[in-house]
Colleague: 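Please see the structure below; I have some questions.
Throughout, numbering of the chain's residues begins at 1 and tracks the sequence.
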Amino acid sequence: MLHSDPLGTLAPSAPSNHPTMQQEPDMKAVAHNVTRLPNNPTAAGLTMTLGILFNVVALIILAKAYNRFRRRSKATFLLFASSLVATDLAGHVITGALVLSRYSAGNYSTADAATNLQRDPGDPDASCLFLGGCMVFFGLCPLFLGCAMAAERCLGITKPLLHARLVTTARTKVALTMIWLMALCVALMPYFHLGVYTDQYPGTWCFIRVMEDTELTDLAFAVLFSGLALSSLASAFVCNTISGITLIRARLKKKSCTQRCSARSHDTEMVVQLVGIMVTSCICWSPLLIFGLMSAIQSYSDSLGSDRQTYRQLMITGVRMATCNQILDPWVYILLRRAILRKIYRITKKQASLKGSMFRSLRGDVGSFQSSDKNKVTKI
């Protein structure tokens with residue numbers, strides 16, 4: 001009799017006096033149930049292709065912009081943004097290739113599925129360890145980079161002189177290296193027995209052990225991962241809010257200076273892009289971070305019970321949304337550029353002026369109609 005049921009497909013088996021004879025039919029039943037899991041890599045391959053295409057286009061746009069603004073304050077922002085897109089691209093290719101290999105290999109069909117279900121969750125294979133580490137590393141890096149970009153812009157807008165003195169290209173590269181190393185240290189914790197990466201439902205991806213036999217180290221690892229990610233999002237929100245309020249106040253003062261107006265225009269473009277990055281990250285990553293933390297807490301306290309399958313579905317929904325972040329991030333730079341924003345502003349302004357002229361003409365017609373009525377009454 002199997003003692004673990006990570007996919008929730010097994011039914012209780014009747015007791016038997018011959019456990020060896022009973023175990024084989026149970027494993028066949030598991031394999032039969034697992035074959036119903038999705039093993040068609042077409043959708044995953046299409047998503048991976050679109051993500052690579054969008055990230056490459058955004059990287060080309062950012063590289064051209066960086067060469068144009070190499071000696072300006074925007075160069076630091078563009079260096080951060082290029083690193084973010086390059087990280088998204090690498091994460092999309094590496095994790096996508098690993099997931100596709102799992103789909104294509106069919107490791108979770110036929111008799112191998114029963115073996116995987118029986119395997120000790122604390123002893124995953126090398127590919128699962130690598131995929132879980134990539135999920136954590138490429139999950140934290142974009143959130144850390146988005147937070148660093150928001151903090152850099154907040155300093156540049158609120159304290160431009162201090163920003164010019166402290167922020168240099170060399171220091172920016174050091175900061176990028178530190179961010180990548182920090183995310184790598186967190187991702188490597190299970191290799192030092194501080195948490196475990198295990199197969200996740202439906203068996204096509206690996207992540208922190210948050211569902212089956214969660215231990216204190218797994219809970220601590222899940223809290224660390226979710227805490228760092230959510231703290232990065234919260235810090236980015238605070239910095240972007242301060243930057244936005246500062247720009248609005250400067251706009252209201254209307255100081256007429258061509259150089260200052262040009263600088264504010266660049267700052268507005270960068271803040272709009274940062275807000276786009278922040279909103280996209282919040283929408284895409286919050287479900288996985290919250291559901292993973294909830295699953296770890298419930299599993300550690302042995303209170304999942306009948307909600308186990310619900311949490312499995314929530315986790316797979318969360319990881320799908322997190323994957324969308326690597327596809328949507330490039331569109332922030334493709335669509336929220338100053339040239340595009342100007343076109344949108346002009347179109348909106350034309351539409352508003354057209355509606356205003358139509359409203360004024362309509363009001364004039366109504367006024368002339370009322371005056372003609374008054375004249376007729378006077379004559380009578």
Side-chain angles (χ1 to χ4, degrees), residues 80 83-96 98-99 121-151 172-200 205-212 214-237 239 277-278 280-282 284-297 299-300 315 318-319 321-323 325-326 329:
F80 271 119
S83 302
L84 174 59
V85 174
T87 304
D88 278 340
L89 178 60
H92 205 69
V93 172
I94 295 173
T95 58
L98 291 172
V99 171
D123 186 26
D125 57 12
S127 64
C128 185
L129 284 173
F130 184 67
L131 178 55
C134 288
M135 290 288 296
V136 171
F137 176 78
F138 291 112
L140 287 177
C141 277
L143 301 180
F144 286 168
L145 288 171
C147 179
M149 292 165 66
T172 302
K173 293 178 179 179
V174 171
L176 288 171
T177 305
M178 293 298 294
I179 288 172
W180 286 323
L181 285 176
M182 186 187 303
L184 182 62
C185 289
V186 176
L188 291 178
M189 282 186 174
Y191 291 86
F192 300 97
H193 306 289
L194 300 174
V196 175
Y197 294 127
T198 58
D199 298 312
Q200 303 290 324
W205 63 295
C206 295
F207 196 56
I208 304 168
R209 182 168 60 185
V210 295
M211 295 294 296
E212 302 293 336
T214 303
E215 299 178 358
L216 182 60
T217 54
D218 302 318
L219 178 60
F221 189 30
V223 170
L224 177 64
F225 174 74
S226 298
L228 289 173
L230 292 173
S231 298
S232 299
L233 290 174
S235 301
F237 175 78
C239 293
I277 294 171
M278 181 189 67
T280 303
S281 298
C282 285
C284 294
W285 273 101
S286 293
L288 180 62
L289 298 173
I290 295 173
F291 296 152
L293 190 57
M294 291 172 58
S295 301
I297 294 173
S299 178
Y300 179 71
M315 286 293 291
V319 76
M321 292 184 66
T323 304
N325 184 68
Q326 297 171 332
D329 264 350

Colleague: I need the minimum non-hydrogen distance between L131 and C206, along with the two atoms involved.
Modeller: CD2-N, 3.6 Å
Colleague: Between the side chain of Y197 and the main-chain N/O of A187, is any donor-acceptor distance below 3.5 Å?
Modeller: yes
Colleague: Less than 4.5 Å apart, side chain to side chain, heavy atoms only: is that true for V319 and M315?
Modeller: no
Colleague: Are I277 and L84 packed together at the side-chain level, in the sense that at least one heavy-atom pair is separated by less than 4.5 angstrom?
Modeller: yes
Colleague: So, the side chain of S299 versus the backbone of S295: is there a donor-acceptor pair under 3.5 Å, distance only?
Modeller: no
Colleague: Do T87 and W180 have side-chain atoms, one donor and one acceptor, less than 3.5 Å apart?
Modeller: yes
Colleague: For a quick test of reading the model, state the closest non-hydrogen atom pair linking L98 to F130 and the distance between them.
Modeller: CD1-CD2, 3.5 Å
Colleague: Hey, does the side chain of T95 reach the backbone of M135 with a donor-acceptor pair shorter than 3.5 angstrom?
Modeller: no
Colleague: Quick one: does V85's side chain get under 4.5 Å of D329's, heavy atoms only?
Modeller: no
Colleague: For L143 and S232, work out which heavy atoms get closest and say how close.
Modeller: O-CB, 3.6 Å
Colleague: About how many Å separate CG of L293 and CG of L219, when rounded to the nearest 0.5 Å?
Modeller: 7.5 Å
Colleague: Taking all non-hydrogen atoms of both residues into account, name the closest pair between G146 and A236 and its distance.
Modeller: O-CB, 4.3 Å
Colleague: Does any non-hydrogen side-chain atom of M189 lie less than 4.5 Å from one of L224?
Modeller: yes
Colleague: Under 3.5 Å, is there a donor-acceptor pair between the side chain of D218 and the main chain of A296?
Modeller: no
Colleague: How close do L289 and F225 get, heavy atom to heavy atom, and via which atoms?
Modeller: CD2-CE2, 3.5 Å
Colleague: Any side-chain heavy-atom pair from F207 and V136 closer than 4.5 angstrom?
Modeller: yes
Colleague: C147-C239 sulfur separation below 2.5 Å?
Modeller: no
Colleague: For residues T214 and I297, determine if any side-chain heavy atom of one lies less than 4.5 Å from a side-chain heavy atom of the other.
Modeller: no
Colleague: Indicate yes or no: at least one non-hydrogen side-chain atom of F221 is less than 4.5 angstrom from one of L194.
Modeller: no
